[in-house]
Amino acid sequence: MRHYSTAKKISIGIRREQKNRWERRVPLIPEHVERLVNEYGAKVYIQPSTKRVIPDSKYQQHGAFVHEDLSMCDVILGVKEVPLRELIPHKNYLFFSHTHKGQPYNMTMLKEILDKGIRLMDYELLTNENGRRLVQFSRFAGYAEGMIDGLHVLGQRLLALGYGTPFLSIGMSHLYRNLSDARLDVTRSGQVIADEGLPKRLGPMSFIVTGDGNVSRGALHVFKCLPFERVTPDELAALSTSTSFDNHKVYLCQVKPQDYIVGKDGSSFKMDRYLSHPEEYKSVFAEKIAPYARFILNGIFWDERYPRLMTLDETREMALENRMRLLTLADVSCDIHGSFEFMSKASTIDKPWYMYDPIEQKEHHDLESRGIQIMSIDNLPTEMPLEASEYFSEALLPFVTEMAKGNFSHPVLERATICKQGQLVPRFKKLEPVIEKHSKPVQPPRVHTQKKILLLGSGFVAKPLVDYLLRHDHNIVTIATNNQEEGVHLSEHRLRAPVVPLDVSNDTELLSLIENHDIVVSFVPATLHPVVAQKCIQAKKHLVTASYISPKMKEFDAQCKHLGLTFLNEIGLDPGIDHLTAMQVFDETKHHGGRILGFTSWCGGLPAPEASNNPFGYKFSWSPKGVLLAGLNSALYRQDSKEIRIDGKDLLKSAVPVDIFKGYSFEGLPNRDSLQYISQYQLDKDIPTMFRGTLRYKGYSQLMHQFAQCGFLSQDPTKHKTWQSFVQQLKPSPELQQAIHFLGMHNEPMDGNTVLDAFCALLQKKLVYSKSERDMVAMHHEFIIDHGHKKEKLSSTLIQYGTPGGYSAMAKTVGLPAAICTQMLLDGDIKRTGVLAPMTRDIYEPTIKKLAKEGIQFIETKTLL
């Protein structure tokens with residue numbers, strides 16, 4: 001059916017892509033070009049291209065004209081940016097321009113577009129009224145490509161060993177127009193195997209495919225084009241020594257966890273138990289499966305909780321004992337040092353394989369030498385652009401149709417418009433100063449000067465870190481966050497602080513983010529740090545956090561040292577500044593022959609005294625849950641050579657007065673296990689006093705204990721809908737009743753699944769800072785030092801206030817130490833590798849000096865004892 005009228009017919013041009021040699025996608029496929037021509041009377045011109053995924057002739061067959069000059073076109077479509085010299089004045093362009101966020105490297109192009117009176121529309125801005133993107137290239141799993149590329153490199157490996165095989169006729173995935181064509185080629189190679197056979201001297205060609213998920217299904221979709229016979233894992237050993245095997249086919253063994261995972265106590269495999277308690281199991285893959293494999297395609301995505309299929313030691317032992325038959329590992333999962341510990345890096349489309357010598361435990365690139373060939377391409381999906389183009393074209397066609405009808409005022413096209421007739425549209429007027437600043441040609445930054453920092457999280461402590469790092473002109477800080485509004489506020493639209501979405505649970509996106517940066521600062525919840533750390537290991541990037549070193553984090557120490565990486569943790573306030581200043585005194589004392597007899601450390605984040613105007617003497621600028629649960633932790637410390645243990649239920653009752661300065665009315669609680677720091681601080685194991693505690697204003701602990709006694713910290717589900725119904729069952733003390741009244745509980749709903757969650761929500765609503773109020777950080781150390789001829793008490797105190805409208809004290813004392821050490825790592829000033837806390841002179845000394853320049857410094861007093 002034809003829809004066009006007698007009005008002027010719109011002509012549409014499709015550009016030849018030039019940004020990089022792998023860009024073979026197209027915005028419109030020929031079938032959709034034909035619809036535009038036949039149904040809407042459009043003329044479609046396409047620039048000739050010899051690398052486009054769809055040939056010029058195909059477009060011609062569907063009604064397009066192949067023409068180098070697109071100056072006759074009204075609308076010009078492309079995929080990536082257009083070279084400046086090829087921008088044609090007064091045309092309508094639609095492509096991924098990468099300009100609407102003020103990207104400095106494309107402001108020269110945008111200036112040229114404005115000067116030439118071009119209307120620019122961007123695919124990323126083709127959205128519905130809710131802002132959801134309507135046109136984008138689909139994602140393809142790439143799993144089938146893993147098997148195709150694996151067979152391709154296997155053919156090369158066999159040739160290097162002196163065997164010509166039909167596998168040599170299988171190309172890399174990117175050489176095929178689509179998956180069907182690739183499978184046809186594999187089928188043809190399979191026919192040659194069936195007719196002529198593989199060299200008998202190779203023995204049975206056993207292909208192992210791990211797993212039974214999407215990866216294995218994609219791989220088998222290709223593998224089944226070969227003549228094959230399935231064998232079970234129990235049949236592999238006999239097959240490997242058989243002299244009656246059939247060399248006119250290959251052998252497939254698909255293995256699942258139950259085939260190679262066994263209980264450490266000899267118990268049988270149970271999937272549910274394995275998933276919940278993997279530490280109870282071990283892998284026998286290196287004994288039962290690997291010695292009989294010629295080719296392994298690994299489709300199991302691994303994390304550190306689970307046993308590896310093959311460790312470095314197991315692989316070396318197999319090679320030393322001459323039990324290694326494995327020629328090629330195609331690791332589609334691409335988990336660096338993961339299921340196969342010797343898989344140490346990703347390969348590339350250009351260089352799809354590398355070799356690993358298991359005896360020398362070294363990588364090399366000599367196919368004719370000893371070793372395992374590894375194919376571990378981590379961007380397999382880019383190899384087949386045809387399906388992606390088909391998906392994209394289907395989504396784009398309705399909007400090209402509107403342009404073909406001359407309807408450029410369609411709301412989707414209006415939203416996609418950045419500029420027209422030489423002017424930025426109103427919502428992009430904000431780009432004018434950016435264009436002015438960056439309208440000169442921007443040269444690509446020199447690799448050795450530009451530093452790219454990835455900040456994960458955009459919480460309240462992040463701003464001092466971002467601001468400090470951006471003082472250095474060569475730094476770019478990418479803010480990755482799941483809260484776009486928070487991220488934009490943190491970025492302040494600074495060009496060197498782009499904001500991107502963050503989903504830590506998306507392994508592929510997280511790894512891609514990390515790979516594109518030089519260092520990672522993780523301000524996400526501490527429980528997620530091991531996930532981030534694993535990706536940093538894969539990408540070989542340094543990591544900085546302000547959180548305690550967890551057991552899971554500590555497990556990365558050996559890998560970090562092996563890879564030359566630094567994972568610096570505990571570099572905030574507490575932990576962080578406390579370590580820096582304590583270690584400085586400890587080391588100085590030892591240097592002068594003294595001995596530490598006692599160490600007491602207090603720290604608290606509090607309202608400034610004038611802002612402590614509620615029954616708690618406390619306010620929150622973040623979630624209260626961590627603070628409340630900390631009041632239920634058990635504690636262990638040593639006082640005057642006596643070890644004291646306090647159960648969690650009694651912690652809030654153990655508060656004692658803390659006299660630092662007469663102007664403050666502090667009390668303190670012991671903070672978890674203080675004794676673990678004796679070894680970390682390298683103090684005498686029999687030190688008489690070792691105590692770390694938390695500061696609060698007097699009265700807080702007793703009041704919070706009463707709340708705990710009345711069930712406000714319960715993590716059990718609650719049936720109450722309002723606080724009034726919950727409070728009615730209580731018999732509160734006068735102090736508690738006053739606090740309940742202050743919180744307005746009689747008029748508030750219970751918003752939460754548990755009492756604790758609802759209490760947290762209420763506190764976060766009621767105990768907040770006003771715009772004119774400030775917070776305070778107090779840290780106080782007391783050292784008892786024996787100098788031999790005298791004993792003294794050294795007191796070291798930090799009092800830091802926040803600035804209304806500026807940094808909070810907590811943000812400054814957490815964000816700046818992390819920022820300073822991040823910059824030191826970027827500058828190469830921290831050379832120590834492994835999973836670290838800032839407890840060595842090469843880290844704490846320069847950090848203390850830099851903090852002093854930021855106004856964070858301690859006041860010291862000494863008293864003879």
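Since the model is a prediction, treat every value here as computed from it, not as a measurement. Numbers for residues simply follow the sequence, beginning at 1.
Listed by first then second residue, pairs satisfying salt bridge (Lys or Arg N to Asp or Glu O under 4.0 Å) with a partner in residues 115-124 read Lys111-Asp115, Glu112-Lys116, not counting sequence neighbours. Applying the salt bridge (Lys or Arg N to Asp or Glu O under 4.0 Å) definition to pairs two or more places apart or across chains, those involving residues 82-110 are Arg15-Glu86.
Put simply, the side chain of His67 gets close to the backbone of Asp69: a donor and an acceptor are under 3.5 Å apart. Remark: the backbone N or O of Ala818 is paired with a side-chain donor or acceptor of Thr822 at under 3.5 angstrom. A distance-only check finds no donor-acceptor pair linking the side chain of Arg133 to the backbone of Leu125 [under 3.5 Å]. Panel note: side chain Thr566, backbone His542; no donor-acceptor pair is recorded below 3.5 Å. Not a single donor-acceptor pair under 3.5 Å links the side chain of Ser522 to the backbone N or O of Leu455. Listed for the Asp775 side chain is a donor-acceptor partner under 3.5 Å among the backbone atoms of Met810. Distance alone, capped at 3.5 Å, is enough to place a donor-acceptor pair between the Ser49 side chain and the Lys51 backbone. Proximity of a side-chain donor or acceptor of Asp181 to a complementary backbone N or O of Tyr176 within less than 3.5 Å is not detected. A donor-acceptor distance shorter than 3.5 angstrom exists from the side chain of Asn516 to the backbone of Ser512, with no hydrogens or angles considered. Proximity of a side-chain donor or acceptor of Thr481 to a complementary backbone N or O of Asn483 within less than 3.5 Å is detected.
Glu34 pairs by the side-chain hydrogen bond (donor to acceptor under 3.5 Å, both in side chains) definition with nothing, not counting sequence neighbours. Legend: residues meeting ring-ring contact (aromatic ring centres under 6.0 Å, His included) with Tyr468, ordered by chain and number and at least two apart, are His472. For Ser808, the side-chain hydrogen bond (donor to acceptor under 3.5 Å, both in side chains) criterion is met by no residue, not counting sequence neighbours. Judged as a side-chain contact (heavy atoms from CB on, under 4.5 Å), and not counting sequence neighbours, the contacts of Ser409 are Asn407, Glu414. Checked against side-chain contact (heavy atoms from CB on, under 4.5 Å), Leu528 has the following partners two or more places apart in sequence or in another chain: Val504, Val524, Pro525. Residues satisfying the salt bridge (Lys or Arg N to Asp or Glu O under 4.0 Å) test with Glu129, not counting sequence neighbours, are none. Scanning for salt bridge (Lys or Arg N to Asp or Glu O under 4.0 Å) contacts around Asp467 gives Lys463, Arg494, with sequence neighbours left out. Glu486 pairs by the salt bridge (Lys or Arg N to Asp or Glu O under 4.0 Å) definition with nothing, not counting sequence neighbours. Judged as a side-chain hydrogen bond (donor to acceptor under 3.5 Å, both in side chains), and not counting sequence neighbours, the contacts of Asp56 are Arg52. Under the rule for a side-chain hydrogen bond (donor to acceptor under 3.5 Å, both in side chains), Ser180 has no partner lying at least two apart in sequence or in another chain.
Contact of the Ile476 side chain with the Ile453 side chain is not registered, since no non-hydrogen atoms from C-beta on lie closer than 4.5 Å. Leu28 has its side chain within reach of Ile14: a pair of non-hydrogen atoms, C-beta onward, lies under 4.5 Å apart. No side-chain heavy atom of Phe428 sits less than 4.5 Å from a side-chain heavy atom of Thr417. The closest side-chain heavy-atom distance from Met121 to Ile418 is not below 4.5 Å. Inter-residue side-chain proximity for Val499 and Gln484 is flagged as met; some heavy-atom pair is nearer than 4.5 Å. The shortest side-chain heavy-atom distance between His98 and Met109 does not fall under the 4.5 Å cut-off. Residues Val521 and Leu456 fail the side-chain proximity criterion, which asks for heavy atoms closer than 4.5 Å. You'll find the side chain of Leu120 reaches within 4.5 Å of the side chain of Ser97, heavy atoms only.
Remark: Cys419 SG to His100 NE2 distance equals 13.0 Å, nearest 0.5 Å. Taking OH from Tyr45 and CD1 from Ile12, the interatomic distance works out to 11.0 Å, rounded to the nearest 0.5 Å. To the nearest 0.5 Å, atom CG of residue Leu510 and atom NZ of residue Lys535 are 7.0 Å apart. Remark: Leu77 CG to Ile46 CD1 distance equals 10.0 Å, nearest 0.5 Å. For the atom pair Leu126 CG and Arg415 CZ, the distance stands at 9.5 Å (nearest 0.5 Å).
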* To do: Could you walk me through whether His32 and Glu394 pass the side-chain hydrogen bond (donor to acceptor under 3.5 Å, both in side chains) test, one step at a time?
  => CA-CA 8 Å; His32 293 153; Glu394 185 71 34; 3.2 Å; yes

* **Verdict with reasoning, Leu70 to Gln47, per side chain to side chain contact (heavy atoms under 4.5 Å, CB included)** => CA-CA 7 Å; Leu70 299 181; Gln47 281 188 319; 3.7 Å; yes

* To do: Give the intermediate values and the outcome of side-chain hydrogen bond (donor to acceptor under 3.5 Å, both in side chains) for residues Asp335 and Gln534.
  => CA-CA 9 Å; Asp335 288 322; Gln534 178 62 50; over 6 Å; no

* Can you list the steps and then say if His410 with Lys405 is a side chain to side chain contact (heavy atoms under 4.5 Å, CB included)? -> CA-CA 11 Å; His410 187 280; Lys405 294 188 294 186; over 6 Å; no

* Dump the intermediate steps for side chain to side chain contact (heavy atoms under 4.5 Å, CB included) on Thr99 and Leu431, then the final yes or no. => CA-CA 9 Å; Thr99 59; Leu431 295 179; 5.5 Å; no

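Relative orientation of the Phe392 and Phe96 rings is tilted, given thresholds of 30° and 60° on the angle between their planes.
Heavy atoms from other residues, nucleotides or ligands lying under 6.0 Å from NZ of Lys429 number more than 12.
A salt bridge links Arg16 with Glu68: at least one charged nitrogen is closer than 4.0 Å to a carboxylate oxygen. The existence of a salt bridge linking Glu515 and Lys345 is excluded, since no basic side-chain nitrogen approaches an acidic carboxylate oxygen closer than 4.0 Å.
Ring to ring, Phe65 and Tyr59 are not that close: their centroids are 6.0 angstrom or more apart.
A side-chain donor-acceptor contact under 3.5 Å links Thr478 and His517. Side-chain atoms of Asp350 and Thr348 include no donor-acceptor pair closer than 3.5 Å.
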